[in-house]
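We number each residue from 1, following the sequence as shown.
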Amino acid sequence: MGHIGRRGLLAAAGALSVLAVTGDAATAAPVRLRKPKREMRGMWLASVANRDWPSRPGLTADEQKAELLAHLDTAVRRRLNAVVFQVRPTADALWPSPYEPWSQYLTGVQGRDPGWDPLGTAVEEAHRRGLELHAWFNPYRVANHTDPSRLVASHPARVHPDWVLPYGGKLYYNPGLPEVRSFVQDAMLDAVERYAVDAVHWDDYFYPYPVAGQVFDDDEAFARHGGGFPDKAAWRRDNTDRLVSETAERIRAVKRKGKKVRFGISPFGVWRNAATDPLGSPTRAGVQTYDDLHADTRKWVREGWIDYIVPQLYWNIGFEAADYAKLVPWWAGTVRGTGVDLYAGEALYKAGDPAQPAAWQDPAELSRHLTFAEDFPEVRGHVFFSAKEVAADRIGAMDRVVADHYPGRVRPPA
């Protein structure tokens with residue numbers, strides 16, 4: 001039997017009437033325990049490189065739709081309440097966008113109409129099942145190769161070759177160009193204005209992860225737009241700040257009957273190490289988002305630009321360089337008093353992977369994460385990477401989470 005946390009006990013008993021005994025059976029009175037807490041129980045559904053969906057490019061529209069609905073049904077079966085669906089994986093679209101081409105991950109050919117509307121269907125079918133649908137966009141990644149000629153001729157990256165930089169075997173839009181920031185916002189907001197998505201969601205890719213021996217060559221943009229900044233790193237962070245704050249304003253301007261569209265970001269789990277900055281976490285991570293991705297994730301929380309943050313806490317309890325049990329308290333302290341919800345990003349994909357440390361071979365590791373997080377009221381839920389593993393569950397780690405912590409379905413945070 002797995003350990004059932006306090007939250008699980010409340011959920012199991014929440015709808016039951018019990019006797020409150022005051023010492024005399026005759027005075028016993030029925031009382032109702034409070035309803036289970038609202039919490040985020042989400043899963044990422046990745047389309048880039050056909051990671052989760054579609055299982056391969058070139059399936060028929062009916063096959064693609066059947067696979068998508070199967071993922072939504074899996075979320076319901078696992079008592080989850082939100083699906084974070086990747087709808088703009090590489091400067092393309094999983095809806096009929098006037099800005100960018102249809103994604104190659106649908107048909108195998110970039111720009112080819114798949115014959116249906118995946119995002120529209122996902123929103124409708126998720127809501128029918130009582131699931132939230134968070135539209136997941138990647139702002140700057142253009143392609144997982146460096147050959148612009150492989151992009152469809154009408155692709156904005158070919159129409160505006162000056163917008164694009166190769167780096168680390170991939171193509172990226174240059175975050176330092178104001179016209180790029182404006183364009184990517186327009187492309188993303190098109191989906192928000194046309195579909196009843198519950199949230200806009202970004203992952204951890206802003207400026208690209210560092211690649212040894214390679215230079216992200218934005219010198220020209222810095223020369224044009226970097227006046228007034230002490231160095232290029234400060235200018236880059238300001239570019240990312242502008243993308244976040246401007247997008248936040250535009251999302252809040254979208255009028256939706258009865259419910260606001262939320263804005264959430266899922267960064268790499270370490271803002272800065274304490275050895276770099278006394279405000280940082282007690283970690284020794286090789287990547288720090290502030291310094292390496294030019295993403296001041298802590299600032300976005302403190303400024304209230306976002307509604308929720310899902311740091312990717314993809315390490316086991318006791319992992320020396322970045323301990324889950326040290327990062328959860330740090331992030332809880334970061335969001336405390338800000339009104340920004342904290343959800344923990346969970347590495348379900350590591351469970352049972354023989355290449356991972358011994359802790360990940362234990363089916364109970366992830367359940368222990370949820371138990372640990374229950375002691376921090378700022379943690380209002382968890383999101384699991386990703387849908388393929390939520391379904392396949394290699395060693396039963398997700399089964400264990402559901403048995404220990406999800407006795408019934410609950411609604412996401414308001």
Side-chain angles (χ1 to χ4, degrees), residues 40 42-48 52-54 61-62 64-73 75-76 80-107 111-139 141 156 182-203 243-244 246-266 306-308 310 383 386-387 411-414:
M40 173 61 69
M43 73 177 189
W44 280 285
L45 177 58
S47 57
V48 66
D52 296 323
W53 178 88
D62 286 344
Q64 290 176 12
K65 183 174 180 179
E67 285 190 357
L68 178 62
L69 298 188
H71 282 299
L72 300 181
D73 289 339
V76 172
L80 305 182
N81 54 28
V83 173
V84 184
F85 181 32
Q86 189 175 34
V87 298
R88 186 179 182 266
T90 51
D92 49 15
L94 268 62
W95 75 95
S97 168
Y99 294 94
E100 294 176 309
W102 281 106
S103 177
Q104 64 179 324
Y105 303 122
L106 295 170
T107 64
R112 179 178 291 172
D113 189 332
W116 69 300
D117 181 352
L119 176 54
T121 300
V123 170
E124 181 180 337
E125 294 291 343
H127 290 171
R128 183 176 302 179
R129 289 162 173 76
L131 297 164
E132 286 192 349
L133 197 290
H134 295 213
W136 167 15
F137 305 88
N138 185 288
R141 183 173 56 210
S182 178
F183 171 78
V184 299
Q185 289 174 46
D186 289 344
M188 293 183 286
L189 265 290
D190 177 67
V192 181
E193 289 163 352
R194 291 169 58 185
Y195 300 94
V197 299
D198 296 286
V200 168
H201 183 99
W202 291 351
D203 51 24
L243 179 74
V244 174
E246 289 166 7
T247 302
E249 279 188 34
R250 294 184 64 175
I251 292 170
R252 286 172 187 144
V254 174
K255 303 301 180 189
R256 189 72 51 75
K257 285 183 181 176
K259 189 176 183 183
K260 67 176 275 189
V261 182
R262 305 184 81 211
F263 183 23
I265 296 179
S266 177
I306 56 179
D307 297 297
Y308 70 79
V310 195
V383 184
S386 65
R411 296 170 69 193

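- Residues F137 and H201 have side chains not in contact (no heavy-atom distance under 4.5 Å, counting atoms from C-beta outward).
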Open item on the list: Set out, in order, the CA-CA distance, both residues' side-chain angles and the distance that settles side chain to side chain contact (heavy atoms under 4.5 Å, CB included) for H127 and D198, then state yes or no.
Closed with: CA-CA 10 Å; H127 290 171; D198 296 286; 2.7 Å; yes

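- Residues passing the side-chain contact (heavy atoms from CB on, under 4.5 Å) test with Q185, sequence neighbours excluded: R181, L243, E246, T247, R250.
- For E193, there are no salt bridge (Lys or Arg N to Asp or Glu O under 4.0 Å) partners, not counting sequence neighbours.
- With ring centers used as reference points, W202 lies under 6.0 Å from F263.
- In this structure the side chain of L94 reaches within 4.5 angstrom of the side chain of S47, judged on heavy atoms.
- Rounded to the nearest 0.5 angstrom, W53 CH2 and E67 CD are separated by 8.5 Å.
- Contact annotation: the side chain of P114 approaches that of T107 to within less than 4.5 Å [non-hydrogen atoms, C-beta and beyond].
- Atom CZ of R411 has 12 or fewer neighbouring heavy atoms from other residues, nucleotides or ligands inside a 6.0 Å radius.
- Residues meeting the side-chain contact (heavy atoms from CB on, under 4.5 Å) test with S97, sequence neighbours left out: A93, W95, Y99, E100, D190.
- Shown here for P412 and N81, the closest heavy-atom pair between the two residues is N-ND2, 3.4 Å.
- Of all non-hydrogen atoms in R88 and P139, the two that sit nearest each other are NH1-O, 3.0 Å.
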TODO: Could you check L72 against F85 for side chain to side chain contact (heavy atoms under 4.5 Å, CB included), going step by step and ending with a plain yes or no?
DONE: CA-CA 10 Å; L72 300 181; F85 181 32; over 6 Å; no

- [ ] May I have the step-by-step check of side chain to side chain contact (heavy atoms under 4.5 Å, CB included) for K260 and D307, ending in yes or no?
- [x] CA-CA 10 Å; K260 67 176 275 189; D307 297 297; 2.7 Å; yes

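- With hydrogens and angles left out, the side-chain atoms of S266 and D203 include no donor and acceptor closer than 3.5 Å.
- The side-chain heavy atoms of E124 and L133, taken from C-beta on, include no pair separated by under 4.5 Å.
- Contact check for V200 versus M188: no side-chain heavy atoms found under the 4.5 Å cut-off.
- If you take CG on L189 and CZ on R194, they are separated by 12.5 Å, rounding to the nearest 0.5 Å.
- Looking at every heavy atom in both residues, M40 comes nearest to A82 through SD-CB, 3.5 Å.
- In this structure, L106 and P54 approach most closely via the heavy-atom pair CD2-CG, 4.1 Å.
- H134 and Y308 have tilted rings, their planes meeting at an angle from 30° to 60° on a 0 to 90° scale.
- The closest side-chain donor-acceptor pair between W44 and Q86, if any, does not fall under 3.5 angstrom.
- The minimum heavy-atom distance between I251 and V261, with the atom names listed, is CG2-O, 3.4 Å.
- Every residue two or more places apart in sequence or in another chain was checked for a salt bridge (Lys or Arg N to Asp or Glu O under 4.0 Å) with D117, and none qualifies.
- Rounded to the nearest 0.5 angstrom, Q64 CD and L69 CG are separated by 11.5 Å.
- For T90, the side-chain contact (heavy atoms from CB on, under 4.5 Å) partners at least two apart in sequence or on another chain are V48, D92, Y105, R141, N144.
- In this structure, V84 and L45 have side chains that are not in contact, with every pair of non-hydrogen atoms separated by 4.5 Å or more.
- When side chains are defined from C-beta on, V123 counts as touching V197, because their heavy atoms get closer than 4.5 Å.
- Under the rule for a salt bridge (Lys or Arg N to Asp or Glu O under 4.0 Å), the partners of E125 that lie at least two apart in sequence or sit in another chain are R128, R129.
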